[in-house]
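Following: one structure in structure tokens, then a few remarks.
Just so it is clear, the values below take in all heavy atoms, side chains as well, and ignore hydrogens, waters and symmetry mates. Counting starts at 1 for both ligands and their atoms, in listed order. What you are looking at is a predicted structure, and each value in this text was computed from that prediction instead of being measured. The first residue of the sequence shown is numbered 1, and numbering continues consecutively from there.
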Amino acid sequence: MTTKDHERGIDLTGVVVLGATGSVGETTLRVLERHSDRFRVVGLAAGKRVKRLAEQIAKWRPLAVSVAREEDAAFLRREFKGVDVYSGPDGPVRLAEHPQAGTVVAAIVGSQGLRSTFRAVELGRRVALANKETLVMAGRLVFEAARRSGAELLPVDSEHCAIFQCLQGENSASVRRLILTASGGALRDFPVEAIPNATVEQVLCHPTWKMGRKITVDSATMMNKGLEIIEAHHLFHVPLDRIEVLLHPQSVVHSMVEFNDGSLIAQMASPDMALPVQFALTYPERISGLLAPLDLAKAPPMTFAEASAGRYPCLALAREAASSSESHAIALNAANEVAVQAFLDGRLRFGDIATLVRSVLDETEPSAPANLEEVLQLDLAARRQAQRRLSQIEE
Ligand code: MG
């Protein structure tokens with residue numbers, strides 16, 4: 001514990017992993033295994049992958065777990081006596097509230113992760129934030145809550161972890177621009193005219209990062225980078241028009257900060273989420289871990305290019321939504337989640353993801369929610385609107 005954490009009475013060594021069976025959750029457990037002398041697993045939250053969760057419980061013996069379905073919870077209670085098992089949408093919230101949860105890794109994908117992440121912030125935990133939707137939907141409310149509780153928010157998104165590192169010891173007044181790098185996703189070398197009809201299989205074949213399905217689709221549309229612009233805006237308090245995107249197919253430079261004097265500071269590492277996860281867990285310490293050293297002499301030549309608006313319409317949509325109002329950012333995220341799921345289910349063409357998001361944004365009234373309940377209401381309304389639009393597109 002740092003002195004500051006001692007003052008707040010928080011023991012950071014007790015870790016709750018929300019989204020334990022997902023890509024970031026599994027990486028987190030690899031990191032925790034490497035550093036088992038420093039951390040203990042207090043809680044694990046999963047959705048429907050109950051077999052995988054059972055393996056994790058057998059290995060880690062957490063105090064509490066949660067799953068989506070009550071029948072799965074009943075099975076786990078029979079298998080693991082002495083482990084508190086919760087189910088339903090409140091389960092992850094209960095884990096975030098666990099008295100021994102000093103560090104909460106928020107890695108539940110999409111808007112489902114919002115309530116538990118917000119609860120961890122309200123309770124002053126260290127929050128290792130992999131769920132970017134939380135900041136897109138409720139960034140202002142999250143930081144207001146963090147100011148009240150003293151919660152620390154440490155980005156686990158690789159770009160934001162990079163920027164956070166570039167800003168260490170720097171004065172925020174000397175920042176000119178944040179530059180988020182982007183791999184360009186699975187379709188970056190596709191002929192533009194073929195993109196609208198790209199198949200699920202083509203889109204899920206990401207060139208550098210192995211991630212969950214939703215974020216891999218978001219990476220191909222670059223909505224992921226759009227959401228990351230909004231995430232960076234909230235995390236680093238930099239205006240949207242000073243956050244830029246640069247295509248960098250090799251994913252070696254994870255992002256950069258340009259300062260007023262023209263100096264550009266970049267963070268480089270092998271593309272492995274073990275680094276952002278570990279950095280969030282051990283900050284401000286840097287310790288050796290799982291990451292393979294980056295051998296620049298053997299690395300492929302690095303290239304950088306502008307991201308074309310014609311190829312990636314979602315990028316402009318995200319910017320536009322975030323500059324319009326908070327309800328537009330919520331609608332952007334909700335409509336995108338509906339559209340991506342519809343694409344994965346074979347109900348929507350890839351090219352219509354942007355069309356559907358656009359039409360929902362056009363019908364959104366500008367507003368700023370006063371609390372989390374209002375955020376969730378706006379989210380629900382936008383989802384319903386997106387479903388209606390989806391049915392019209394399908395006809
Ligand atoms: Mg990222």
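When the Mg ion (ligand 1) is compared with the N/O/S atoms of Glu228, atom OE2 turns out nearest. Within Glu159, the N, O or S atom lying nearest to the Mg ion (ligand 1) carries the name OE1. The name of the N, O or S atom in Asp157 nearest to the Mg ion (ligand 1) is OD1.
Remark: the Ser174 side chain and the Asn171 side chain contain no N/O donor-acceptor pair separated by less than 3.5 Å. Counted by atom type alone, Gln278 and Tyr283 present zero donor-acceptor pairs between their side chains at under 3.5 Å.
A donor-acceptor pair is defined here as one N or O able to donate and one able to accept, closer than 3.5 Å; no such pair exists between the side chain of Arg94 and the backbone of Ala64.
Here Arg30 does not pair with Glu26 in a salt bridge; the nearest charged N to carboxylate O distance is not below 4.0 Å.
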